[in-house]
Number of protein chains: 2
Amino acid sequence: MPTHYKGNSEEIRALNTYIKLTRAADSFQSRLNSHKTQGELSPTQFGVLEALYHLGTMSQGEISAKVLKSSGNITLVIDNLEKPGLVRRMRDEHDRRMVQVVLTQQGRELIEELLPGHVQAIAEEMCALEPHEQEELGRLCRKLGTYQSS
Amino acid sequence: MPTHYKGNSEEIRALNTYIKLTRAADSFQSRLNSHKTQGELSPTQFGVLEALYHLGTMSQGEISAKVLKSSGNITLVIDNLEKPGLVRRMRDEHDRRMVQVVLTQQGRELIEELLPGHVQAIAEEMCALEPHEQEELGRLCRKLGTYQSS
DNA sequence: CGATAATATTTCAATATCAAATGTTTTGAT
DNA sequence: ATCAAAACATTTGATATTGAAATATTATCG
């Protein structure tokens, strides 16, 4: 389903690539969600818990940068993770502007319980591509994702 | 920034590809938004207007499928496009369950005004990749995006 | 013909999301 | 040392988003 836009060939190529990239990411995410491997957690909550699990205690600002969401959003997400006791807020001793967020034992157990199924679901959906295609897709995405224009 | 997950090599490859794909799509979208080429429109509103412009009048269900959002969401988005008179709802005569959404003259003029700058911004950000890389990324995304598992 | 199934939209509750404004705390320049 | 600027988190207000349940219409089939 290519674009109908009438522009020069460079624009048309870029637009078609953009559309396919967006649709691939969206549909992959939606297929992944249908596996129900994230328990009661929202995608962002899951991402935050996963980041804390793999990278250890972080400030909210670091979490924000890691999961690519606004700081205001992270405040709310941490609120909602704190309620059921999955994480705990701790004011930083050395720099009292910051709040360090630590994974509780409950949070750790939950993410350890969910992660294997989640990774397996990703692997299943990624079967659409051969191993070398996955590598190439990753390389191109990485190149595109880290580009700094202007 | 590879994963720290300890799984088999197939899982690790899939997970890394997934992370890169997601981050590329997210960061591309956020860079694109910073160009402010969508006027007052939210990304979804823009997408709906664009779809109506290129594909013509559609029912809400068709729009939902086209822009990959839930039907409940589309109801709200159409509400918000109808308020400033960019689209108009028309109950389908032959099947009164459906609502056809038509682009108004105002909506058409708005999207025609915004589209060139938007496409140009996409082309600029896509410069991170060589033409043949864009083609390859598009091919892989398409293959992944249309995959039916299970 | 009429009950039931299928389809389309809407409503609802909960969370997500951002940008802008606000309040603390820290840093850096003089 | 002081004070302006920067950095960080939170709040606020608006819209987006989803999934599930409710509603309305149409299609199917015994």
Side-chain angles (χ1 to χ4, degrees), chain A residues 22 25-27 29-49 51 57-84 86-102, chain B residues 22 25-27 29-36 38-49 57-84 86-102:
Chain A
T22 302
D26 282 357
S27 75
Q29 197 60 56
S30 118
R31 292 202 311 260
L32 194 52
N33 290 342
S34 72
H35 285 248
K36 307 285 183 198
T37 55
Q38 308 193 351
E40 306 287 293
L41 301 170
S42 75
T44 305
Q45 289 172 349
F46 191 91
V48 169
L49 240 47
T57 295
M58 285 186 287
S59 72
Q60 294 193 183
E62 290 171 311
I63 293 174
S64 165
K66 197 55 79 175
V67 303
L68 302 178
K69 305 287 159 161
S70 71
S71 64
N73 187 13
I74 294 302
T75 294
L76 178 67
V77 171
I78 299 300
D79 283 350
N80 290 334
L81 286 173
E82 212 173 18
K83 278 181 215 157
L86 299 173
V87 304
R88 197 170 60 244
R89 265 188 249 247
M90 286 175 48
R91 183 64 64 173
D92 189 299
E93 306 252 327
H94 303 295
D95 186 339
R96 300 183 42 74
R97 290 172 299 184
M98 292 198 242
V99 173
Q100 297 291 334
V101 182
V102 311
Chain B
T22 302
D26 282 356
S27 74
Q29 196 60 55
S30 118
R31 293 201 312 259
L32 194 52
N33 290 343
S34 72
H35 286 247
K36 307 285 184 198
Q38 308 195 350
E40 306 288 293
L41 300 171
S42 75
T44 304
Q45 288 173 347
F46 191 93
V48 169
L49 241 48
T57 296
M58 286 186 286
S59 72
Q60 293 192 183
E62 289 171 312
I63 294 174
S64 165
K66 196 57 77 177
V67 303
L68 302 177
K69 304 286 161 165
S70 70
S71 62
N73 187 12
I74 293 303
T75 293
L76 178 68
V77 171
I78 299 299
D79 283 349
N80 290 334
L81 286 174
E82 212 174 17
K83 278 181 212 157
L86 300 173
V87 303
R88 197 170 62 244
R89 264 188 249 248
M90 286 174 48
R91 184 63 64 174
D92 189 298
E93 305 253 329
H94 302 296
D95 186 339
R96 301 183 42 73
R97 289 170 300 184
M98 291 197 245
V99 174
Q100 297 291 335
V101 182
V102 311

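Note on naming: letters A, B, ... go to the chains in the order of the sequence lines (proteins, then strands), and numbering restarts at 1 for each one.
The base of dT25(C) lies outside donor-acceptor range of the side chain of Arg96(A), with no N or O pair under 3.5 Å.
If you find the closest nucleotide of DNA chain C to Asp95(A) and to Pro43(A), the one lying nearer the 5' end belongs to Pro43(A). A residue-by-residue look at Asn80(A) and Asp92(A) shows that Asn80(A) has its nearest nucleotide of DNA chain C further toward the 5' end.
Residue Phe46(A) contributes atom CZ, which lies 18 Å from atom P of dT15(C) at whole-angstrom precision. Spacing between atom CD1 of Ile74(B) and atom C1' of dG19(D) amounts to 15 Å, rounded to whole angstrom units. To the nearest angstrom, P of dA8(C) lies 18 Å from CE of Met90(B). As a whole-Å value, the separation of Leu81(B) CG from dA16(D) P is 8 Å. The nearest whole Å value for the distance from the NZ atom in Lys69(A) to the C1' atom in dA9(D) is 19 Å. One can place CD of Glu62(A) at 15 Å from P of dA7(D), the figure rounded to the nearest angstrom. Nucleotide dA13(C) holds its P atom 19 Å from the CD atom of Glu40(A), rounded to whole Å. Between Met98(B) atom CE and dT26(D) atom C1' the separation is 10 Å, expressed in whole Å.
Residue Arg89(A) places none of its side-chain N or O atoms closer than 4.0 Å to OP1 or OP2 of dC8(D). In this model, the phosphate group of dA9(D) is approached by a side-chain N or O of Ser59(A) to a distance below 4.0 Å at OP1 or OP2. In terms of phosphate contacts, Asn73(B) brings no side-chain nitrogen or oxygen within less than 4.0 Å of OP1 or OP2 of dA16(D). Distances shown here put a side-chain N or O of Thr44(B) below 4.0 Å from the OP1 or OP2 atom of dT17(D). Applying the 4.0 Å criterion to OP1 and OP2 of dT10(D), one finds that Gln60(A) has a side-chain N or O inside that range. Within the 4.0 Å cut-off from OP1 or OP2 of dT15(D), not a single side-chain nitrogen or oxygen of Gln45(B) is found. Residue Ser42(A) places at least one side-chain N or O closer than 4.0 Å to OP1 or OP2 of dA16(C).
Residues Val101(B) and Ile74(B) have side chains not in contact (no heavy-atom distance under 4.5 Å, counting atoms from C-beta outward). Within the 4.5 Å cutoff, side-chain heavy atoms of Gln38(A) are placed close to those of Pro43(A). Side chains of Lys69(B) and Val77(B) form no contact here, defined as non-hydrogen atoms less than 4.5 Å apart. Residues Val48(A) and Leu41(A) have side chains not in contact (no heavy-atom distance under 4.5 Å, counting atoms from C-beta outward).
Across dT18(D), dT17(C), dA16(D), the shortest atom-to-atom separation from the side chain of Leu76(A) is found for dT17(C). For Arg97(A), whose side chain is taken as the heavy atoms from C-beta onward, the closest listed nucleotide among dT10(D), dT27(C), dT17(D) is dT27(C). Closest to the side chain of Val99(A), from the set dT10(D), dT10(C), dT17(D), is dT10(D).
Residue-environment remark: CZ (Arg89(A)) exceeds the threshold of 12 foreign heavy atoms within 6.0 Å.
Residue Gly61(A) is in sugar-phosphate contact alone, with no base atom involved, counting any heavy-atom pair closer than 4.0 Å across all strands shown.
Between Gln100(B) and Met58(B) the shortest heavy-atom distance is OE1-C, 3.2 Å.
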